[in-house]
Amino acid sequence: MDKASRFLEAKPWVLRWVALDAPDLRDALAKYPWVSLVGPLKVIESVLRGIAQVMFVNNPLSGLIMLLGLLIGNLSAGVGAVAASLVAILVAKVLNFPDEVISAGLTNFSPVLVGTVIPALYPVFFHAPLSVPVWLYLLATSAFSVVVFAGLGNLLGLHKIPAYTLPFNVATSITFLCMRAAGYALPAPEAATASNDTSLLQGDEEEVEWDRVLMGTLLSVGQVWAVESVPCSVLILVGAFLCSPILTLACFLGGAIGTFTSLVVSSAPYSAVYSGVWGYNGFLAGGAIAFFMIPTGRNLFLASVNAVFATFIMAALLPVFVANQLPVFTFPFCLGSVLMLAATIAAAPENLVASPSTPELHLLHHHHQNHKQSNDKNIKMGVSESEGGVDDNTFTSPAREKRNVTITSSPKPRLERMNSTIPLVDTL
């Protein structure tokens, strides 16, 4: 029984099917093979979990709410997310990934981004409408990203560092460059659109509109999937909150920090700030630290630092990517988070989460372990004093004498408590 199941054991049964990572639903579907009458439900579960896994959420109901937001914000992006996920599941089965990895959507979240980003950004960077060849490129890129995920996961896993969305970045960058080399890009219109990343490098004078900066903070949520939509962003936050309020708060604050930091590292016009483009890497950077590290006050501060770091990296990488007519994708988030996590492993590995689930359970488990270690330490100290007794050649005060008598008189119950194990759910 995992941490989520133990925590929800005494809660209403419905929560075990929808809250945290929905452990009862996961366990119920895990009993059946993929090729069975229940197989389509397993596929749907994997697709929905993969959509949510983009922001470290492992909950199918959360994924369903997020998918609804994507369909409302950009129909092509929502359809692309589903199509890319189906391809990813097929490739993952061919590559013989473990069933639990596929069911959790871990093989799908990079393809999900492929499926949303290409339909959303292709018209902006190639100045052409979506066509059948573009959709075929999308499906091929989704399959390729699973292969990249396997390779990078193996390399970075040796150092206990996740690949994050690097497979998506690598696969989609290669695809965009290949499509441009194949002549898919049309001449840019004279009136450049504000959505294009080249607008980030202009330097005209412009007063900051603070109300639009705040709106950019909200829009940065949907921009993780390359969808600029208020309803989409709101639904994504609602879906994430269902699984983990702490993670949702950390991500949103990271997006806000990234959006406001961009005013320091960019110049007018601020259309990209207002549309949320400058905030989505901070959104993911904040969530990455809150998810893979125990969400203590110190580590949540590191999450804020990582959001600032990712925004500075974005400012540094932007001219290089614009020169090659590419968006920066989520490279800044990946680079910043990999470095931050690697530094933590070297300096304070005890802050890392051994088996990620949700930040709430990580924090509760951390407090339980600290409480248990403190009790064990006190028990050992008490037993040591009781076994050591009193030195006859040393003066002993009445208070010390009384304490020794008290400790010596009850070593047995202390030893029994030391040898007993307390289930996690009892302490939670």
Side-chain angles (χ1 to χ4, degrees), residues 43 46-47 50-51 53-54 67 70-71 73-95 97 102 105-153 163-189 193 195-198 222-228 277 280 317 320-331 333-334:
V43 172
S46 178
V47 169
I51 291 173
Q53 286 279 13
V54 171
L67 176 59
L70 294 176
L71 292 171
N74 187 323
L75 181 61
S76 296
V79 173
V82 174
S85 297
L86 295 175
V87 171
I89 294 171
L90 178 61
V91 174
K93 290 298 295 180
V94 171
L95 295 177
F97 274 84
I102 302 175
L106 294 175
T107 57
N108 308 355
F109 66 86
S110 276
V112 163
L113 287 176
V114 172
T116 61
V117 168
I118 289 181
L121 296 187
Y122 177 85
V124 175
F125 283 85
F126 289 80
H127 314 291
L130 294 173
S131 59
V132 173
V134 175
W135 284 98
L136 294 178
Y137 266 104
L138 183 152
L139 298 179
T141 306
S142 301
F144 179 51
S145 68
V146 179
V147 179
V148 177
F149 170 75
L152 287 178
Y164 294 119
T165 55
L166 277 174
F168 150 72
N169 287 300
V170 172
T172 310
S173 296
I174 292 174
T175 297
F176 268 42
L177 291 173
C178 289
M179 294 176 72
R180 190 170 295 280
Y184 280 85
L186 299 179
T193 60
S195 301
N196 198 312
D197 271 1
T198 55
Q223 286 286 11
V224 172
W225 289 261
V227 176
E228 182 183 343
V277 171
Y280 70 87
L317 294 180
V320 178
F321 279 77
V322 168
N324 290 281
Q325 298 179 302
L326 284 175
V328 293
F329 299 121
T330 59
F331 273 112
F333 144 67
C334 290

Sequence-distant partners of L139, side-chain contact (heavy atoms from CB on, under 4.5 Å), two or more places apart: A83, V87
Could you give the distance from [atom1] ([X]) to [atom2] ([Y]), rounded to the nearest 0.5 Å?
{"X": "I174", "Y": "S145", "atom1": "CD1", "atom2": "OG", "value": "11.0 Å"}
{"X": "I102", "Y": "T107", "atom1": "CD1", "atom2": "OG1", "value": "5.5 Å"}
{"X": "Y122", "Y": "H127", "atom1": "OH", "atom2": "NE2", "value": "10.5 Å"}
{"X": "F168", "Y": "L113", "atom1": "CZ", "atom2": "CG", "value": "5.0 Å"}
{"X": "N169", "Y": "F333", "atom1": "CG", "atom2": "CZ", "value": "9.0 Å"}
{"X": "F331", "Y": "L326", "atom1": "CZ", "atom2": "CG", "value": "8.5 Å"}

With T165 via side-chain hydrogen bond (donor to acceptor under 3.5 Å, both in side chains) - residues at least two apart: T330
With S76 via side-chain hydrogen bond (donor to acceptor under 3.5 Å, both in side chains) - residues at least two apart: none
Candidate pair N108 and S46, rule side-chain hydrogen bond (donor to acceptor under 3.5 Å, both in side chains), full reasoning: CA-CA 8 Å; N108 308 355; S46 178; 2.9 Å; yes
Considering all heavy atoms, the nearest V148-P167 contact: CG1-CA, 3.7 Å
Taking every non-hydrogen atom, the tightest pair across V114 and P119: O-CD, 4.0 Å
Side chain to side chain contact (heavy atoms under 4.5 Å, CB included) evaluation trace for V91 with F144: CA-CA 9 Å; V91 174; F144 179 51; over 6 Å; no
4.5 Å side-chain heavy-atom contact, Y164 and C334: yes
Aromatic ring proximity F176/F126, centre distance under 6.0 Å: yes
Residue pairs passing the side chain to side chain donor-acceptor pair (under 3.5 Å) test where at least one lies in residues 131-142, sequence neighbours excluded: T141-T175
Sequence neighbours excluded - side chain to side chain donor-acceptor pair (under 3.5 Å) pairs with any residue from residues 179-188: R180-Q325
Backbone N/O of W225 and side chain of T116: donor-acceptor pair under 3.5 Å: yes
Residue pairs passing the salt bridge (Lys or Arg N to Asp or Glu O under 4.0 Å) test where at least one lies in residues 78-95, sequence neighbours excluded: K93-D99
